[in-house]
Amino acid sequence: MLLPSLVVAGTACTEKLQSPETVQKAFRLAIKTREALDASGAQVALIGRVGQDLSKYNLRYSHMAFVWRDHPQGRWMALHELNKCGTAESALFNEGLANFFFDDMFAWDALIVTPSTEVQAKIVAELAQTSALKNLHQPHYNMLAYPYSTKYQNSNQWVLEVLADAIQQPEQSSRATSQAWLKQADYKPSNLHIMTLTRLGARMFKANVAFDDHPTGDRIMGKIEVATVESVANFLQKIDPQTTVQTLTLK
């Protein structure tokens with residue numbers, strides 16, 4: 001029994017050859033995204049993609065990254081955490097926009113979330129701190145990681161915690177500090193209702209799924225709270241009202 005349609009983060013599974021149509025669409029969406037970013041005048045933004053059909057959970061986007069220029073007026077790069085192809089491990093990747101869309105896509109849509117100029121400056125400074133990014137990365141990957149536990153991490157959670165660290169600017173970057181600030185700032189994760197048998201099957205057959213970091217009472221009720229693209233975008237709009245949201249779709 002495998003867990004259906006529950007990839008709420010990103011995977012790095014690039015071994016198989018992509019079809020010419022997939023390559024063409026990835027480049028077309030990358031170009032469209034680049035043009036939108038150039039037109040916005042932004043230094044940095046958050047970007048989401050549709051890797052799976054998550055509509056049964058009232059979600060559209062499955063995976064989020066920071067998108068930033070590798071140098072002033074340079075190319076746009078996607079910086080994100082990726083699960084190593086179904087294992088229980090993850091790593092950080094900094095890659096071009098086309099690569100960001102090469103993953104198995106359910107739909108050729110992109111979400112661009114652009115913070116205010118003030119918050120952008122803080123994020124840019126954060127992304128320049130390699131030590132902070134590493135301190136906020138937990139390689140023990142769980143696609144359904146509980147947002148207020150440091151035991152595991154999913155890729156959307158990494159974006160969220162880096163964002164929190166950038167905004168609050170603590171003396172020492174840590175996941176615990178970011179999570180404490182997020183709770184104080186009333187971050188609301190997405191609530192996925194997942195039945196017991198589905199949870200059991202997923203834990204038995206998927207290395208990158210675990211539920212033991214979630215509160216026992218929530219697990220019993222099937223209440224699984226997760227950091228998702230939508231929850232991160234909603235939170236940023238709440239704490240930074242000048243944030244803009246743009247959706248792109250290939251015709």
Side-chain angles (χ1 to χ4, degrees), residues 8-10 43-48 63-68 78-83 88-94 113-192 208 210-219 223-243:
V8 293
Q43 293 180 281
V44 66
L46 285 68
I47 186 172
H63 178 65
M64 178 171 265
F66 292 104
V67 59
W68 67 300
L79 178 60
H80 52 155
E81 176 186 291
L82 289 176
N83 175 217
E89 298 298 319
S90 70
L92 301 180
F93 291 78
N94 190 36
V113 183
T114 307
S116 65
T117 302
E118 179 183 356
V119 172
Q120 285 184 51
K122 291 181 178 181
I123 295 174
V124 169
E126 180 82 6
L127 299 186
Q129 299 181 52
T130 304
S131 60
L133 301 183
K134 289 182 178 178
N135 286 343
L136 295 167
H137 175 228
Q138 164 59 275
H140 199 178
Y141 181 89
N142 173 12
M143 66 171 66
L144 296 177
Y146 181 58
Y148 291 119
S149 169
T150 59
K151 185 172 185 176
Y152 308 110
Q153 188 177 56
N154 78 20
S155 55
N156 299 324
Q157 187 179 7
W158 178 79
V159 170
L160 176 65
E161 291 176 1
V162 171
L163 178 65
D165 193 71
I167 293 174
Q168 65 172 322
Q169 299 179 319
E171 291 186 7
Q172 181 65 41
S173 299
S174 73
R175 297 192 64 208
T177 300
S178 283
Q179 290 182 11
W181 182 85
L182 287 165
K183 184 170 288 188
Q184 183 180 17
D186 198 30
Y187 162 70
K188 300 291 188 185
S190 294
N191 182 6
L192 312 184
N208 57 2
F211 298 94
D212 57 330
D213 55 335
H214 289 261
T216 301
D218 288 353
R219 291 204 309 269
K223 177 185 176 183
I224 304 300
E225 293 189 318
V226 181
T228 62
V229 175
E230 280 85 350
S231 69
V232 175
N234 290 340
F235 177 68
L236 185 53
Q237 290 177 85
K238 181 175 72 173
I239 63 172
D240 182 23
Q242 294 182 49
T243 296

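More than 12 heavy atoms of other residues, nucleotides or ligands sit less than 6.0 Å from atom CD of Q169.
If you check the side chains of D165 and S173, you find a donor sitting under 3.5 Å from an acceptor.
For the atom pair CD1 (I167) and CD (E126), the distance works out to 10.0 Å, reported to the nearest 0.5 Å. In this structure, the separation between CG on L163 and CD1 on I239 is 5.5 Å, given to the nearest 0.5 Å. To the nearest 0.5 Å, the span separating CZ on R219 from CD1 on I224 amounts to 7.5 Å. If you take CD on E81 and NE2 on H63, they are separated by 8.5 Å, rounding to the nearest 0.5 Å. Atom OH of Y148 and atom CG of L182 lie 5.5 Å apart (nearest 0.5 Å). For the atom pair Q138 CD and E89 CD, the distance stands at 8.5 Å (nearest 0.5 Å).
Side-chain atoms of N208 do not come within 3.5 Å of backbone N or O of Y141 as any donor-acceptor pair. Here the side chain of D213 pairs a donor or acceptor atom with the backbone of Y146 at under 3.5 angstrom. A donor-acceptor pair under 3.5 Å is absent between the side-chain atoms of Q129 and the main chain of S131, judged by distance alone. Side chain of H214 to main chain of L144: a donor-acceptor pair is present (N/O by atom type, distance under 3.5 Å, no hydrogens or angles). Put simply, the side chain of Q242 never gets that close to the backbone of V119: no donor and acceptor are under 3.5 Å apart.
Closest approach of N154 to A145, counting heavy atoms only: N-CB, 3.8 Å. Across every non-hydrogen atom of L160 and A227, the tightest pair is CD2-CB, 4.3 Å. When all heavy atoms of R175 and S149 are compared, the pair lying nearest together is NH2-O, 3.5 Å. Heavy-atom minimum distance, Q172 versus T177: O-OG1, 4.1 Å.
Under the 4.5 Å side-chain criterion, counting only non-hydrogen atoms from C-beta, S155 is not in contact with L82. At a threshold of 4.5 Å between non-hydrogen side-chain atoms, the residues L127 and V162 count as touching. At least one side-chain heavy atom of Q120 sits less than 4.5 Å from a side-chain heavy atom of T114. Looking at heavy atoms from C-beta onward, S90 lies in side-chain contact with H137 at the 4.5 angstrom threshold. Side-chain contact between N142 and K151 is absent, with no heavy-atom pair separated by less than 4.5 Å.
Listed by first and then second residue, the side-chain hydrogen bond (donor to acceptor under 3.5 Å, both in side chains) pairs involving residues 178-189 are E161-Q179, D186-K188, Y187-S231 (not counting sequence neighbours).
Paired with F66 under the rule side-chain contact (heavy atoms from CB on, under 4.5 Å), one option of V124, I123, L133 passes, and it is I123.
Residues passing the side chain to side chain donor-acceptor pair (under 3.5 Å) test with K238: none are found, sequence neighbours excluded. With sequence neighbours excluded, no residue forms a salt bridge (Lys or Arg N to Asp or Glu O under 4.0 Å) with K134. Residues that satisfy the salt bridge (Lys or Arg N to Asp or Glu O under 4.0 Å) test with E230, not counting sequence neighbours, are absent from this structure. When the side chain to side chain donor-acceptor pair (under 3.5 Å) test is applied to T243, the partners found at least two apart in sequence or on another chain are D240. Residues passing the side chain to side chain contact (heavy atoms under 4.5 Å, CB included) test with A91 are K84, F93, sequence neighbours excluded.
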